[in-house]
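Since the structure comes first, as structure tokens, the remarks are kept for the end.
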Amino acid sequence: MPAYATNMRLKFPILALTLEIITIILFSVFVVYDDGEKHDGHGDHGNSNSSVIPFPDVFQDVHVMIFIGFGFLMTFLKRYGFSSVGLNLLLAAFALQWGLLMQGLWHLDADGKIRVDVFKMINADFSTATVLISFGAVLGKTSPVQLLIMTILEITIFGINEHLVANVLGANDVGASMIIHAFGAYFGLAVARVLYRPALRDHENNGSVYHSDLFAMIGTVFLWMFWPSFNSAIANPGADQLMAVTNTYFSLAACVLSAYAISSLVEHKGKLDMVHIQNATLAGGVAVGTCADMNIGPFGAMLIGFVAGIISTLGFKFLSPILASHLGIQDTCGVHNLHGMPGILGGIAGIVAVAMGKKNGSAAMQACALASSLGFALVGGAITGLIMKLPFWGQPPDQNCFDDSIYWEVPEEEEAEESLAHGEHSTNKAEA
Amino acid sequence: MPAYATNMRLKFPILALTLEIITIILFSVFVVYDDGEKHDGHGDHGNSNSSVIPFPDVFQDVHVMIFIGFGFLMTFLKRYGFSSVGLNLLLAAFALQWGLLMQGLWHLDADGKIRVDVFKMINADFSTATVLISFGAVLGKTSPVQLLIMTILEITIFGINEHLVANVLGANDVGASMIIHAFGAYFGLAVARVLYRPALRDHENNGSVYHSDLFAMIGTVFLWMFWPSFNSAIANPGADQLMAVTNTYFSLAACVLSAYAISSLVEHKGKLDMVHIQNATLAGGVAVGTCADMNIGPFGAMLIGFVAGIISTLGFKFLSPILASHLGIQDTCGVHNLHGMPGILGGIAGIVAVAMGKKNGSAAMQACALASSLGFALVGGAITGLIMKLPFWGQPPDQNCFDDSIYWEVPEEEEAEESLAHGEHSTNKAEA
Amino acid sequence: MPAYATNMRLKFPILALTLEIITIILFSVFVVYDDGEKHDGHGDHGNSNSSVIPFPDVFQDVHVMIFIGFGFLMTFLKRYGFSSVGLNLLLAAFALQWGLLMQGLWHLDADGKIRVDVFKMINADFSTATVLISFGAVLGKTSPVQLLIMTILEITIFGINEHLVANVLGANDVGASMIIHAFGAYFGLAVARVLYRPALRDHENNGSVYHSDLFAMIGTVFLWMFWPSFNSAIANPGADQLMAVTNTYFSLAACVLSAYAISSLVEHKGKLDMVHIQNATLAGGVAVGTCADMNIGPFGAMLIGFVAGIISTLGFKFLSPILASHLGIQDTCGVHNLHGMPGILGGIAGIVAVAMGKKNGSAAMQACALASSLGFALVGGAITGLIMKLPFWGQPPDQNCFDDSIYWEVPEEEEAEESLAHGEHSTNKAEA
């Protein structure tokens, strides 16, 4: 691929401006303020009454998870921090607008309008999360244009699956183990499979430095702290919501202990590995998602988290290398271990819990919801990957993967110190 | 200017301790707890009932913007991070005390007291924001003593203008595009003009390194996420407040897309520039401020944000160099592009929106409010700059600008590695 | 001590997994969801009605202080950031489970159950804080196994003292100057005294680098901002809670000014020292804790903060070196200056305030509470230290103290650049 193909000067601005203008036009047609009154046809998935969700509490927590949590979690790469937090902001800012439209179109009011309330804003952030999870699988290997295309398609497909799971199947998934985490992970893995590039194996830039690992911990800790809000955001207010908070809180706490223990057990000389700590400590939040508002008991939640921490750490250590070397699935952030397997675990736990009567519902419908989420993810991801693979979206050449300097102005000092060998010359930032 | 003049050993402690003692005495005379009862004469600008603002929700969000947002946004300079986040904390801690007094004195209760409630604490944080915006214009070129002097004067002048705009003119400015953003920016630019130093042009320390740009993104993202709280903090509770949240949220989202697009369009080979991403993505929050609680429609808010992102990015690229080279205005953080022009845009949008009946009010009064804010800022900033220019406040010599080591103990390693050439020898931190 | 003793491969995983499994079993026996109904025997210390504490407001703020605040505050060491934020997460995740049990066992409901509500979760976070304060005293000198042991013992002893102070003595300590801050500090100092190692004096790794000091400021600023929530979390809702917020807010603001002033006054050439700024600016929050919900007036709170900032800064400058060299107390983070002395100051202020009738209570009981907290801390810490000193817990050798690479996989680049001399070879992180 010739180097000039990565010049974004026209492609990216045209795409970004066009998308935003289309979005503004669609908003002018469909979106109005919520006036607090009831309109026929108004009905979101979930059963929350938006008027009782306090602003900005839970919404702000979810917002912090999306922008700080996901954004900084991905800054662990030594030379890809600008892209991680910067493209995270770009994709999320577009995704929340697009998500509001794609979810809202399934729930138009009688007058054909989408009324924006805090509940819809939370759901838009939720749809955004799927894109950011998939972003983790392809991190470092895709151009901003490719990622915007993925955002459009993934959000659209998410909206269909979410409508099917919540409104048609009537399945429980309050913390979205299935419709966000498993969906986002397998969508991203399918894209990554299609975009497989053998030359990226053992890429010199695909690793961390000391301070990049600390930046990533900012993301980890904010995700960890606010996950109870994520899992309870659309629960029934009151006892159900507190139950979702409690279950998530204890699942995460138990998950930390098992993730640390297994990391030490499997690593050289019993040392802890930052990759595990940054990611597997969060698997408890993913895995308890579907069951979060079910009466599984605090110790039930802890068991789920405990198992999730083990599975996730083992996945990073043993499964990811196999996926990369044998199946051609290069999963930069290990989303399979943080969102994929724990998401399936969460879905299965939900099936069992519903079968045990911990929540009203049908175990069969829960199973259908899990299958639907996986199916839409894999098929949708594969198609999206094929579209992203078209040769004119500015995908970075192999040697420039995991490297900010191909799409960003990078300060000169770093260039001089670290990347003379990259054949990439970047001008210094011109400031007045 | 001889080097010893920058020794802060007596000047700074005496000033800081004296200011704090005076403040404590003034508090002992004027400030009492809010007892929740109504006292004659009690009347804040804005129309909010403090008892319905939940603590700590909106207040804490604004607080995070002041201390993390502004503090880390300014850490982008390679050798000025201690000063950015550290002096931000110092100035803000003093400013919020002084701001409570300077705003409260215009609204004394019948018994001559200022009753502290959450609403007054939010307003004190607001007044603090003006100082931090101005700080951005003079960042790296001023001593802590100079900055404390600026804080006293700017807050006092802000209090007068804010009283005039809100209580005398009765203008709308819920998100404070005019009275905080435009005021703070042009005040700081006037100070910067008076303190102009030709030798600072192309200063070697006036730039970023890779990790300093990532620290700055912490500030950017927290400002971006919590801006809806800033713009809605003093809105009427209920529908107006939700409208302010919604408008700000979508304005910011649209602004991100246009800022990224224009950054790529104007930069070398279509690359993104961190300066634009760190700053111009926030212009939508500034520009929608005055209109935030007006019925402009979500798409109206998006249009404002979209235009603000374009103007702000173009300002960084083309206008700031001209201001520096032709007008002698060295604007370290580019506050003119983030707060100045978007603040004026917000003021103008407010005039138009009121003229179109989107909110009760007078377009003429809106225009007077904008003119008043700009006038007080420019005249007040110029006078303040002249006082700050007096030769005994410890202003750093040209070669030590944008360098922490003149006012801070800096760890030895960095000294050895990066700044042997600076002729500045710093002792290592002595820890037990 | 032979190097292999620090191999955690069996000890740490076995301990961590065992503790978590025991905890899950205890939870299955004792812990149930709060159903919102009143159960006989239900009675927490403090007088708050859990149903009126909004989730996640105050709880989330305290949570952020525990995980981001304490975690990043300790990242100031140049080579110990992984351990600081990582072990902080590990210890806190275990401590909050253990704390819920150890506090709950004193307050079982009539049916022998502990009902988890937000109030109990806040109290569990509080007990966690004591461990993290003590962690600061022994930072860099202890193994994960030693720290888990300290967590178990300290939380258990904290539970006893807290029950005694709050329920038996009936003392006021809403912001926990005595039962958290003084207790945690002197507990940790007693442990540090027992673990004294002369060879650690002037250890080359016991210092910061430029960016590690900036990471630490993330912790400082989040602690500073959310301290009003910490001190008001268990206050009586309404006027008392707002009073606690107001007092803490102004105490902290005044403390910043005095800490900066004294730092400049005592340092070389009037420069500011990051150690003081990172820590002493918070002493006002500690010192106003006991009095936070007392009618001491905003200026009274400011006086307390003002004095705390002075004492704390002077302690870092003059007292810590003496403690280390003459008393064998090596206090890595200076917790004596941030939590110890300000905690005692807070306890004394509480005695005086109660004696002056600022709050119902007995000055004698306040004094007993302070004495009890100090006594339990010193005796409990000494015993805990002796247990931690047993030679098979994997304590790091002197030359590997303050160095992540003994317990963590550290990225290769850093190894190459900074630590070839350490005789420690770490494998690079294996990522797929």
Side-chain angles (χ1 to χ4, degrees), chain A residues 54 57-58 61 78 206-214 217-218 220-222 224-226 228-229 238-239 241-243 245-246 249-250 252-254 256-258 260-262 264-265 267-275 277 281 295 297-299 302-303 306 320-321 323-324 330-332 334, chain C residues 7-14 16-17 19-21 23-25 27-28 31-36 54-57 60 63-64 67-68 71-72 75 79 81-82 85-86 89-90 93-94 96-97 116-118 121 144 211 215 218 407-414 426-432:
Chain A
D57 296 2
V58 168
D61 287 356
K78 70 180 90 166
N206 189 2
S208 64
V209 291
Y210 194 72
H211 282 164
S212 70
D213 272 325
L214 280 177
M217 283 301 286
I218 298 173
T220 298
V221 177
F222 272 105
W224 197 91
M225 294 187 300
F226 290 168
S229 295
Q241 197 161 32
L242 183 58
M243 192 183 283
V245 167
T246 308
Y249 177 82
F250 287 118
L252 284 162
V256 168
L257 274 283
S258 62
Y260 272 76
I262 303 303
S264 170
L265 195 64
E267 282 297 324
H268 172 70
K269 290 169 88 175
K271 295 188 182 187
L272 298 164
D273 189 320
M274 258 294 167
V275 172
I277 303 317
T281 52
N295 185 22
F299 77 96
M302 291 160 86
L303 274 177
F306 188 76
S320 284
L323 292 183
Q330 295 162 322
D331 177 6
T332 312
Chain C
N7 188 326
M8 295 279 111
R9 188 151 201 171
L10 289 181
K11 288 171 204 163
F12 173 73
I14 290 173
L17 293 175
L19 285 177
E20 187 57 43
I21 291 166
T23 303
I24 293 178
I25 293 170
F27 266 65
S28 74
V31 181
V32 295
Y33 300 119
D34 181 41
D35 53 9
F55 178 82
D57 297 3
Q60 288 291 54
H63 221 42
V64 171
F67 289 89
I68 288 285
F72 277 91
T75 59
R79 295 176 52 75
F82 290 10
V85 69
L89 173 60
L90 172 69
F94 176 63
L96 61 84
Q97 300 175 67
V116 190
D117 54 22
V118 174
M121 287 157 75
H211 282 164
F215 279 112
I218 298 173
Y407 301 120
W408 294 81
E409 305 283 352
V410 173
E412 223 164 36
E413 295 87 339
E414 293 276 313
S426 163
T427 58
N428 194 12
K429 287 204 273 190
E431 285 180 275

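Each chain gets a letter, A, B and so on, in the order its sequence line appears, and its residues count up from 1. As the structure is a prediction and not an experimental result, all values here were calculated from the model.
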Is any side-chain heavy atom of S229(A) closer than 4.5 Å to one of Q60(C)?
yes
At a heavy-atom separation under 4.5 Å, does I218(A) approach chain C through its side chain, its backbone, both, or neither?
both
For residues W224(A) and H63(C), report the shortest heavy-atom separation together with the two atoms involved.
CZ3-NE2, 3.9 Å
Rounded to the nearest 0.5 Å, how far apart are CG of D213(A) and CD of E409(C)?
11.5 Å
Could you label the plane-to-plane angle of the F82(C) and Y210(A) rings as parallel, tilted or perpendicular, counting under 30° as parallel and over 60° as perpendicular?
parallel
Please look at V31(C) and chain A and tell me whether the side chain, the backbone, both or neither of the residue comes under 4.5 angstrom of a heavy atom of that chain.
both
Toward chain C, the part of A239(A) with a non-hydrogen atom under 4.5 Å
neither
Between I262(A), T220(A), T281(A), V221(A), which has the largest tally of heavy atom pairs under 4.5 Å with chain C?
V221(A)
Against chain A, work out which of V116(C), L19(C), I24(C), I25(C) has the most heavy-atom pairs shorter than 4.5 Å and name it.
I24(C)
Please classify the contact between Y249(A) and chain C as side chain, backbone, both or neither, with a heavy-atom cut-off of under 4.5 Å.
side chain
Can you sort out the partners of F215(C) under ring pair (Phe, Tyr, Trp, His ring centres under 6.0 Å), two or more places apart, ordered by chain and number?
H211(A), F215(A), F215(B)
Hey, what do you get for NZ (K271(A)) to CZ (F12(C)), rounding to the nearest 0.5 Å?
14.5 Å
Return the minimal non-hydrogen interatomic distance between L17(C) and S258(A), and the atom names on each side.
CD2-CA, 4.1 Å
Do M302(A) and T23(C) come close enough that some side-chain heavy atom pair is under 4.5 Å?
yes
If you tally heavy-atom pairs under 4.5 Å between each of L10(C), T75(C), L89(C), V85(C) and chain A, the highest tally belongs to L89(C)
Counting only non-hydrogen atoms closer than 4.5 Å, does L303(A) touch chain C with its backbone (N, CA, C, O), its side chain (CB onward), both, or neither?
both
Validation row: W408(C), E267(A) side chains within 4.5 angstrom (heavy atoms)
no
For E20(C) and A254(A), the nearest pair of non-hydrogen atoms, with its separation, is OE2-CB, 3.2 Å
According to side-chain contact (heavy atoms from CB on, under 4.5 Å), who are the partners of S212(A), at least two apart in sequence or on a separate chain?
S208(A), V209(A)
Which pair of heavy atoms, one from Y33(C) and one from G297(A), lies closest together, and at what distance?
OH-N, 2.9 Å
How far apart are the closest heavy atoms of L242(A) and V118(C), and which atoms are they?
CD1-CG2, 3.7 Å
Atom of V256(A), atom of L90(C) and distance for their closest heavy-atom approach:
CG1-CA, 3.9 Å
Flag, side chain of Y260(A) to backbone of G86(C), donor-acceptor distance under 3.5 Å
yes
